[in-house]
Amino acid sequence: MRVLVAGGAGYIGSVVTAALLSDGHEVTVLDDLSTGHADAVPEGAALAEVSLHDSAPVLADVRPEAVLHFAARSLVGVSQQQPEDYWSTNVGGSLALLESMRAVDCRRIVFSSTAATYGEPDALPIREDAPTRPTNTYGASKLAVDHMLTSYAVAHGFAAVSLRYFNVAGAAFGLGERHATETHLIPLALQVAAGQRGSLTVFGRDYPTPDGTCIRDYVHVADLADAHLLALPAPSAGEHRVYNLGNGTGFSVQEVLDAAREVTGHAIPTTDGPRRAGDPAQLVASSDRIRAELGWTPRHPDLVGIVSDAWTVAQAR
Ligand SMILES: NC(=O)c1ccc[n+]([C@@H]2O[C@H](COP(=O)([O-])OP(=O)(O)OC[C@H]3O[C@@H](n4cnc5c(N)ncnc54)[C@H](O)[C@@H]3O)[C@@H](O)[C@H]2O)c1
Ligand SMILES: O=c1ccn([C@@H]2O[C@H](COP(=O)(O)OP(=O)(O)O[C@H]3O[C@H](CO)[C@H](O)[C@H](O)[C@H]3O)[C@@H](O)[C@H]2O)c(=O)[nH]1
């Protein structure tokens, strides 16, 4: 298939681009390089350095049969201080992209949604029919795009899938996480292990969890790539599907740090800090729906393996 990958110079988009290429697809990456890197775009994919807002000429030129949409602002904390950037990029940019698609009669899309659309869960694991009550602008902006896709499916015959990722981690195809402003636990722990950072702050040890630290569901980026390949052809015209993506097993911040110490052989000093605003105590996915409907099975559910793959690629840089 001829596909356009919006945000394909970023962490997850670049890995999925590599997976699409190895599956025989023809790929053009559209990315403004605001948080991505040109050298992360896999060889064999074309790069159009353009914003979502100016995507129309690129779509007119490429004439894709489908779009995979990763391009976004995705820092929860910043979304609370600069909401305008989140509404503009995530919602305004996505609307512009959908209109660019409609103009060239391209109506198939896979969208990067997030566990942040659910907010604080009533019950675990979180299923797709759980209430969506985002606790930050980032999650609210992603939920708005999910709603946009439902209405584009109904009104304009789009075939759409929202994949609600939980905590994406690990590396594949030699590509890992490389954010100028890094906020994610695993890459930060590995930067401490590599001596690039002195220590890491544990955000809260007083949560109602067995060791007092937050629990998250870490999913390997290679398993995420598998899910995108399965989701791409799945919906029919007029259909918008929503699938959670996680392993269904939660690990605490303490367990992640222990795994990082085991993998790297470094002590990884930490200090204890207050809770980070808006962090739910536990987020664990039920991925029963995508397992049942698309046959997705995570091949790398082991936390030590996920951290180990991230470490291998971080060291190679
Ligand atoms: N990393 C996670 O754990 C996680 C979890 C849930 C959802 N997500 C979502 O997955 C997607 C990818 O996340 P990531 O971690 O790879 O982020 P990333 O920042 O590495 O990648 C995002 C890419 O989008 C590009 N981009 C941003 N705004 C753009 C615009 N206006 N026009 C064109 N390109 C633009 C950036 O340059 C970057 O290359 C995001 O939509 C994010 O919200 C990520
Ligand atoms: O320096 C740090 C960084 C993180 N943490 C903790 O580690 C856990 C994981 O934090 P991350 O920042 O790595 O990931 P989040 O769970 O905050 O965010 C992820 O899940 C969200 C869903 O709520 C969104 O989807 C978001 O895009 C995605 O990155 C949290 O309990 C956080 O408090 C620390 O203790 N210290």
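Counting starts at 1 for both ligands and their atoms, following the listed order.
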Any heavy atom of [X] closer to ligand 2 than 4.0 angstrom?
X    : answer
V76  : no
Y138 : yes
Y207 : no

- Message: Using modelled atom types and a 3.5 Å cut-off, is there a donor and acceptor pairing between side-chain atoms of S22 and backbone atoms of A19?
- Response: yes
Please identify which atoms of ligand 2 are closer than 4.0 Å to at least one heavy atom of [X].
X    : result
C214 : 31 (O)
V202 : 35 (O)
T201 : 1 (O), 2 (C), 34 (C), 35 (O), 36 (N)
A116 : 22 (C), 23 (O)

- Message: As a test of reading the model: which residues have a non-hydrogen atom less than 4.0 Å away from ligand 1?
- Response: G7, A9, G10, Y11, I12, D31, D32, L33, S34, T35, G36, V50, S51, L52, F70, A71, A72, R73, S74, T89, S112, S113, T114, Y138, K142, Y165, F166, V168, H179, H184
- Message: I'd like to know whether CZ of R127 has more than 12 heavy-atom contacts from other residues, nucleotides or ligands below 6.0 angstrom.
- Response: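 Not buried by this count: 12 neighbours or fewer within 6.0 Å.
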- In one Ile/Leu/Val/Met/Phe/Trp/Tyr side-chain cluster, 4.5 Å: Y218, L224: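 No, Y218 does not connect to L224 through the hydrophobic network.
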- ligand 2 contact on R216 by region, counting heavy-atom pairs under 4.0 Å: side chain
- Using the benzene-type ring in the case of Trp, are the ring centres of F70 and H228 under 6.0 Å apart? yes
- Item | The single option from R133, R164, E128 passing side-chain hydrogen bond (donor to acceptor under 3.5 Å, both in side chains) against Y118 |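 The residue from R133, R164, E128 that satisfies side-chain hydrogen bond (donor to acceptor under 3.5 Å, both in side chains) with Y118 turns out to be R164.
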- Determine, considering heavy atoms only, which of F203, Y218, Y165 sits nearest to atom 34 (C) of ligand 2.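 It is F203 that holds the nearest heavy atom.
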- Is any N or O atom of L185, backbone or side chain, closer than 3.5 Å to an N or O atom of ligand 2? yes
